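Down below is the structure, laid out as C-alpha coordinates.
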Amino acid sequence: MSDFVLYGTILSPFVRKVQATLHYTDAKYDFEEIDIMAMPDWFLEISPARRIPVLRDKSIAAQGAQGTLPDSSSICMFLDRRFNAGLYGQDAFQTGRVAWLEEYADTILAVTGGMKLFRPLVFPLYSGDKPDLETAKKTWNERLPRIFDYLEACLDGDQYFVGNAYSLADIAVGAQMTFIDLVAGLPDAAHWPSLANHTTVMKTQPGFVENLSASQEKLSRYLPEKFDLS
(Lines give C-alpha, C1' and ligand atoms only; values in the text may rest on other atoms or scores of the structure.)
Protein backbone atom coordinates (compact mmCIF):
# COMPACT_ATOMS: atom_id res chain seq x y z
CA MET A 1 0.00 0.00 0.00
CA SER A 2 1.12 3.55 -0.68
CA ASP A 3 2.10 5.84 2.17
CA PHE A 4 1.47 9.10 0.35
CA VAL A 5 -0.74 10.85 -2.19
CA LEU A 6 0.76 13.47 -4.50
CA TYR A 7 -1.71 15.97 -5.95
CA GLY A 8 -0.74 18.00 -9.01
CA THR A 9 -0.47 17.98 -12.77
CA ILE A 10 2.08 15.84 -14.54
CA LEU A 11 3.52 18.67 -16.67
CA SER A 12 4.48 20.79 -13.67
CA PRO A 13 8.24 20.93 -13.04
CA PHE A 14 7.46 21.20 -9.32
CA VAL A 15 5.57 17.92 -9.49
CA ARG A 16 8.55 16.44 -11.36
CA LYS A 17 10.84 17.67 -8.57
CA VAL A 18 8.77 15.95 -5.89
CA GLN A 19 8.35 12.77 -7.92
CA ALA A 20 12.12 12.54 -8.33
CA THR A 21 12.53 12.93 -4.57
CA LEU A 22 9.85 10.33 -3.85
CA HIS A 23 11.54 7.86 -6.17
CA TYR A 24 14.96 8.57 -4.67
CA THR A 25 13.65 7.73 -1.21
CA ASP A 26 11.74 4.67 -2.51
CA ALA A 27 8.55 6.08 -0.99
CA LYS A 28 5.37 4.51 -2.32
CA TYR A 29 2.76 7.03 -3.45
CA ASP A 30 -0.39 7.51 -5.49
CA PHE A 31 -0.75 10.37 -7.94
CA GLU A 32 -3.94 12.37 -8.35
CA GLU A 33 -4.23 14.79 -11.28
CA ILE A 34 -5.57 18.25 -10.46
CA ASP A 35 -7.11 20.60 -13.02
CA ILE A 36 -5.09 23.76 -12.38
CA MET A 37 -7.55 25.86 -14.37
CA ALA A 38 -10.51 24.81 -12.20
CA MET A 39 -9.15 23.66 -8.86
CA PRO A 40 -11.82 21.89 -6.79
CA ASP A 41 -12.83 23.39 -3.45
CA TRP A 42 -11.43 20.46 -1.48
CA PHE A 43 -8.02 21.04 -3.06
CA LEU A 44 -8.03 24.74 -2.21
CA GLU A 45 -8.50 23.75 1.42
CA ILE A 46 -5.15 21.93 1.37
CA SER A 47 -3.41 24.40 -0.96
CA PRO A 48 -4.17 27.88 0.38
CA ALA A 49 -1.72 29.48 -2.06
CA ARG A 50 -3.48 27.72 -4.99
CA ARG A 51 -0.28 25.96 -5.97
CA ILE A 52 0.76 22.47 -6.87
CA PRO A 53 1.91 20.03 -5.76
CA VAL A 54 0.52 19.01 -2.38
CA LEU A 55 1.63 15.83 -0.60
CA ARG A 56 -0.55 13.89 1.82
CA ASP A 57 0.94 11.61 4.45
CA LYS A 58 -1.85 9.09 4.87
CA SER A 59 -0.40 7.88 8.18
CA ILE A 60 -1.42 11.27 9.63
CA ALA A 61 -4.78 11.83 7.93
CA ALA A 62 -6.58 10.39 4.93
CA GLN A 63 -8.60 13.53 4.22
CA GLY A 64 -8.78 17.22 5.07
CA ALA A 65 -5.85 19.56 5.65
CA GLN A 66 -4.25 17.44 8.36
CA GLY A 67 -1.28 15.46 7.07
CA THR A 68 -0.82 17.61 3.96
CA LEU A 69 2.12 19.72 2.87
CA PRO A 70 1.77 22.33 0.09
CA ASP A 71 4.81 23.60 -1.87
CA SER A 72 7.50 21.44 -3.41
CA SER A 73 10.30 22.75 -1.18
CA SER A 74 8.52 21.89 2.05
CA ILE A 75 7.60 18.48 0.65
CA CYS A 76 11.18 17.66 -0.39
CA MET A 77 12.57 18.77 2.96
CA PHE A 78 10.00 16.60 4.75
CA LEU A 79 10.88 13.57 2.60
CA ASP A 80 14.60 14.10 3.15
CA ARG A 81 14.14 14.21 6.92
CA ARG A 82 11.59 11.39 6.98
CA PHE A 83 13.83 8.99 5.06
CA ASN A 84 17.25 10.40 6.00
CA ALA A 85 17.97 10.70 2.28
CA GLY A 86 20.97 13.05 2.47
CA LEU A 87 19.77 15.26 -0.35
CA TYR A 88 20.81 18.51 1.36
CA GLY A 89 24.57 18.09 1.46
CA GLN A 90 27.10 16.78 3.93
CA ASP A 91 27.80 19.89 6.02
CA ALA A 92 26.23 23.19 6.95
CA PHE A 93 27.65 25.14 4.03
CA GLN A 94 26.59 22.51 1.52
CA THR A 95 23.09 22.55 3.00
CA GLY A 96 22.94 26.30 2.50
CA ARG A 97 24.27 25.96 -1.02
CA VAL A 98 21.68 23.32 -1.91
CA ALA A 99 18.91 25.50 -0.47
CA TRP A 100 20.08 28.49 -2.51
CA LEU A 101 20.23 26.59 -5.81
CA GLU A 102 16.81 25.10 -5.12
CA GLU A 103 15.47 28.61 -4.55
CA TYR A 104 17.17 29.90 -7.71
CA ALA A 105 15.67 27.06 -9.74
CA ASP A 106 12.21 27.51 -8.22
CA THR A 107 12.12 31.26 -8.85
CA ILE A 108 14.51 32.72 -11.44
CA LEU A 109 14.73 29.66 -13.68
CA ALA A 110 11.09 28.66 -13.19
CA VAL A 111 9.65 32.08 -13.98
CA THR A 112 11.83 32.53 -17.05
CA GLY A 113 11.48 29.02 -18.43
CA GLY A 114 7.85 28.59 -17.44
CA MET A 115 6.14 31.94 -17.76
CA LYS A 116 8.30 33.35 -20.56
CA LEU A 117 8.98 30.22 -22.63
CA PHE A 118 6.72 27.24 -21.94
CA ARG A 119 3.51 29.17 -21.37
CA PRO A 120 3.74 31.39 -24.52
CA LEU A 121 4.52 28.34 -26.64
CA VAL A 122 2.13 25.74 -25.25
CA PHE A 123 -0.88 27.45 -23.68
CA PRO A 124 -2.13 28.99 -26.97
CA LEU A 125 -2.09 25.53 -28.55
CA TYR A 126 -4.67 24.31 -26.04
CA SER A 127 -7.19 26.80 -27.42
CA GLY A 128 -6.20 26.38 -31.07
CA ASP A 129 -4.24 29.64 -31.27
CA LYS A 130 -0.75 30.25 -32.62
CA PRO A 131 2.18 30.12 -30.17
CA ASP A 132 3.81 33.39 -29.16
CA LEU A 133 7.14 32.75 -30.88
CA GLU A 134 8.33 36.33 -30.44
CA THR A 135 8.24 36.13 -26.65
CA ALA A 136 9.70 32.60 -26.64
CA LYS A 137 12.57 33.50 -28.97
CA LYS A 138 13.45 36.58 -26.91
CA THR A 139 13.50 34.44 -23.79
CA TRP A 140 15.61 31.71 -25.38
CA ASN A 141 18.13 34.07 -26.96
CA GLU A 142 18.28 36.93 -24.44
CA ARG A 143 16.96 35.92 -21.02
CA LEU A 144 17.93 32.29 -20.58
CA PRO A 145 21.60 32.57 -21.67
CA ARG A 146 22.40 34.66 -18.56
CA ILE A 147 20.81 32.01 -16.38
CA PHE A 148 22.60 29.23 -18.23
CA ASP A 149 25.89 31.10 -17.73
CA TYR A 150 25.33 31.17 -13.97
CA LEU A 151 24.41 27.51 -13.72
CA GLU A 152 27.35 26.51 -15.91
CA ALA A 153 29.67 28.42 -13.56
CA CYS A 154 28.06 26.74 -10.53
CA LEU A 155 28.74 23.31 -11.98
CA ASP A 156 32.34 24.33 -12.79
CA GLY A 157 32.89 21.20 -14.86
CA ASP A 158 31.47 18.82 -12.23
CA GLN A 159 28.64 16.39 -12.80
CA TYR A 160 26.62 17.66 -9.84
CA PHE A 161 26.08 21.08 -8.30
CA VAL A 162 27.14 20.65 -4.65
CA GLY A 163 29.99 18.51 -3.32
CA ASN A 164 29.98 16.63 -6.63
CA ALA A 165 27.19 14.46 -5.23
CA TYR A 166 23.53 14.09 -6.19
CA SER A 167 21.41 16.51 -4.16
CA LEU A 168 18.16 18.43 -4.13
CA ALA A 169 19.98 21.17 -6.06
CA ASP A 170 20.32 18.78 -9.00
CA ILE A 171 16.70 17.67 -8.74
CA ALA A 172 15.40 21.26 -8.57
CA VAL A 173 17.49 22.57 -11.45
CA GLY A 174 16.91 19.40 -13.46
CA ALA A 175 13.15 19.66 -13.01
CA GLN A 176 13.13 23.12 -14.59
CA MET A 177 15.71 22.38 -17.30
CA THR A 178 13.83 19.29 -18.46
CA PHE A 179 10.68 21.43 -18.53
CA ILE A 180 12.44 23.73 -20.98
CA ASP A 181 13.81 20.75 -22.92
CA LEU A 182 10.31 19.41 -23.51
CA VAL A 183 9.51 22.31 -25.84
CA ALA A 184 12.81 23.88 -26.90
CA GLY A 185 15.58 21.32 -26.45
CA LEU A 186 18.81 21.34 -24.48
CA PRO A 187 21.09 24.34 -24.03
CA ASP A 188 23.83 24.53 -26.64
CA ALA A 189 26.56 22.12 -25.48
CA ALA A 190 29.18 24.25 -27.22
CA HIS A 191 28.42 27.13 -24.85
CA TRP A 192 27.13 25.30 -21.76
CA PRO A 193 28.64 21.79 -21.87
CA SER A 194 28.27 21.00 -18.17
CA LEU A 195 24.67 22.22 -18.00
CA ALA A 196 23.70 20.34 -21.17
CA ASN A 197 25.30 17.17 -19.78
CA HIS A 198 23.66 17.68 -16.39
CA THR A 199 20.21 17.96 -17.99
CA THR A 200 20.85 14.85 -20.08
CA VAL A 201 21.87 12.90 -16.98
CA MET A 202 18.85 14.10 -15.00
CA LYS A 203 16.54 12.84 -17.73
CA THR A 204 17.70 9.31 -16.89
CA GLN A 205 17.08 9.54 -13.13
CA PRO A 206 14.22 7.68 -11.39
CA GLY A 207 11.16 9.89 -11.18
CA PHE A 208 12.34 12.00 -14.10
CA VAL A 209 12.00 9.09 -16.52
CA GLU A 210 8.44 8.33 -15.50
CA ASN A 211 7.33 11.95 -15.36
CA LEU A 212 8.92 12.96 -18.66
CA SER A 213 7.42 9.99 -20.47
CA ALA A 214 3.94 10.95 -19.24
CA SER A 215 4.59 14.63 -19.98
CA GLN A 216 5.72 13.94 -23.54
CA GLU A 217 2.66 11.78 -24.15
CA LYS A 218 0.39 14.58 -22.91
CA LEU A 219 2.20 17.25 -24.93
CA SER A 220 2.29 15.21 -28.13
CA ARG A 221 -1.42 15.86 -28.66
CA TYR A 222 -0.62 19.53 -29.24
CA LEU A 223 3.13 19.61 -29.90
CA PRO A 224 4.45 16.88 -32.22
CA GLU A 225 7.98 18.31 -32.22
CA LYS A 226 10.07 20.82 -30.31
CA PHE A 227 10.27 24.46 -31.39
CA ASP A 228 13.32 25.84 -33.14
CA LEU A 229 13.94 29.13 -31.31
CA SER A 230 17.31 30.02 -32.86
Side-chain angles (χ1 to χ4, degrees), residues 1-89 95 98-99 101-103 105-106 109-110 114 118 160 165-179 181-182 199 201-220:
M1 293 181 62
S2 61
D3 301 313
F4 305 102
V5 181
L6 181 64
Y7 305 99
T9 182
I10 203 69
L11 280 172
S12 165
F14 299 101
V15 167
R16 186 174 307 117
K17 173 185 166 186
V18 172
Q19 286 186 308
T21 306
L22 284 161
H23 279 260
Y24 185 82
T25 61
D26 290 325
K28 301 296 185 293
Y29 70 98
D30 297 317
F31 181 76
E32 186 166 335
E33 184 81 17
I34 299 297
D35 183 351
I36 61 173
M37 305 305 292
M39 291 179 175
D41 291 341
W42 66 263
F43 181 74
L44 295 177
E45 292 178 8
I46 64 174
S47 181
R50 303 177 65 89
R51 295 176 182 172
I52 56 172
V54 173
L55 184 77
R56 177 180 298 282
D57 185 337
K58 293 194 293 185
S59 70
I60 298 175
Q63 58 185 1
Q66 293 297 316
T68 62
L69 286 170
D71 184 74
S72 65
S73 294
S74 67
I75 295 169
C76 291
M77 184 176 292
F78 159 72
L79 292 170
D80 183 75
R81 291 289 297 274
R82 170 77 179 269
F83 295 101
N84 193 27
L87 285 170
Y88 284 85
T95 298
V98 169
L101 286 165
E102 180 186 13
E103 174 68 11
D106 287 357
L109 182 54
F118 188 92
Y160 301 113
Y166 190 72
S167 74
L168 213 285
D170 301 294
I171 292 174
V173 173
Q176 300 297 333
M177 289 301 302
T178 52
F179 191 50
D181 178 54
L182 281 169
T199 307
V201 169
M202 295 307 295
K203 289 166 66 174
T204 68
Q205 298 301 308
F208 279 86
V209 173
E210 294 80 1
N211 175 281
L212 291 170
S213 176
S215 294
Q216 287 168 341
E217 181 179 355
K218 189 171 185 176
L219 271 178
S220 65

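Everything numeric here is computed off the predicted structure, so don't read it as measured data.
- From C76, atom SG reaches atom CG of D71 across 9.0 Å, with rounding to the nearest 0.5 Å.
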Output side-chain donor-acceptor pairs under 3.5 Å for residues 39-54, partner residues at least two apart or in another chain, one line each.
residue : atom : partner : partner atom : Å
S47     : OG   : R51     : N            : 2.9
S47     : OG   : R51     : O            : 2.6

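- The backbone N or O of S2 lies less than 3.5 Å from a partner atom in the side chain of K58, making a donor-acceptor pair.
- Taking the side chain as every heavy atom from C-beta outward, L212 and D181 never approach each other to under 4.5 Å.
- When only modelled atom types and interatomic distance are considered, S12 and K17 share no side-chain donor-acceptor pair under 3.5 Å.
- A donor-acceptor contact under 3.5 angstrom links the side chains of D106 and S73, judged on distance only.
- One distance of note links CZ of R81 with OG1 of T25; it measures 15.0 Å at 0.5 Å rounding.
- With sequence neighbours left out, A110 forms a side-chain contact (heavy atoms from CB on, under 4.5 Å) with F14, Q176.
- Within a 6.0 Å radius of CD in Q66, other residues, nucleotides and ligands contribute 12 heavy atoms or fewer.
- Side chains of L22 and V18 form a contact here, defined as non-hydrogen atoms less than 4.5 Å apart.
- A donor-acceptor pair under 3.5 Å is formed between the side chain of D80 and the backbone N or O of L87.
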Inset, instruction - Please test F118 against L219 for side chain to side chain contact (heavy atoms under 4.5 Å, CB included), starting from the C-alpha separation and ending with a verdict. - result: CA-CA 11 Å; F118 188 92; L219 271 178; 4.2 Å; yes
Inset, instruction - Assess whether side chain to side chain contact (heavy atoms under 4.5 Å, CB included) is satisfied between Y24 and Q205, documenting all intermediate values. - result: CA-CA 9 Å; Y24 185 82; Q205 298 301 308; over 6 Å; no
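- What you find for V98 and L168 is that their closest heavy atoms are CG1-CB, 3.8 Å.
- Distance check: R16 CZ to M177 CE gives 12.0 Å after rounding to the nearest 0.5 Å.
- To the nearest 0.5 Å, atom CZ of residue F208 and atom CG of residue D170 are 8.5 Å apart.
- Under the salt bridge (charged side-chain N to carboxylate O under 4.0 Å, His left out) criterion, R82 pairs with D57, not counting sequence neighbours.
- Checking side-chain atoms of S167 against main-chain N and O of G89 turns up no donor-acceptor pair under 3.5 Å.
- Nearest heavy atom pair, residue F31 against residue G8, reads CZ-O, 3.5 Å.
- Of the inter-residue distances, the one linking I10 atom CD1 with S215 atom OG reads 5.5 Å to the nearest 0.5 angstrom.
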Inset, instruction - Show the numbers, then the answer: is there a side chain to side chain contact (heavy atoms under 4.5 Å, CB included) between Q19 and Y29? - result: CA-CA 9 Å; Q19 286 186 308; Y29 70 98; 3.3 Å; yes
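- Note on R56 versus E32: no salt bridge recorded, every NZ/NE/NH1/NH2 to OD/OE distance being 4.0 Å or above.
- In this structure, I34 CD1 and L6 CG are separated by 9.5 Å, a value rounded to the nearest 0.5 Å.
- At distances below 3.5 Å, not a single donor-acceptor pair connects side-chain atoms of S213 with backbone N or O atoms of V209.
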Inset, instruction - Show the numbers, then the answer: is there a side chain to side chain contact (heavy atoms under 4.5 Å, CB included) between I171 and E102? - result: CA-CA 8 Å; I171 292 174; E102 180 186 13; over 6 Å; no
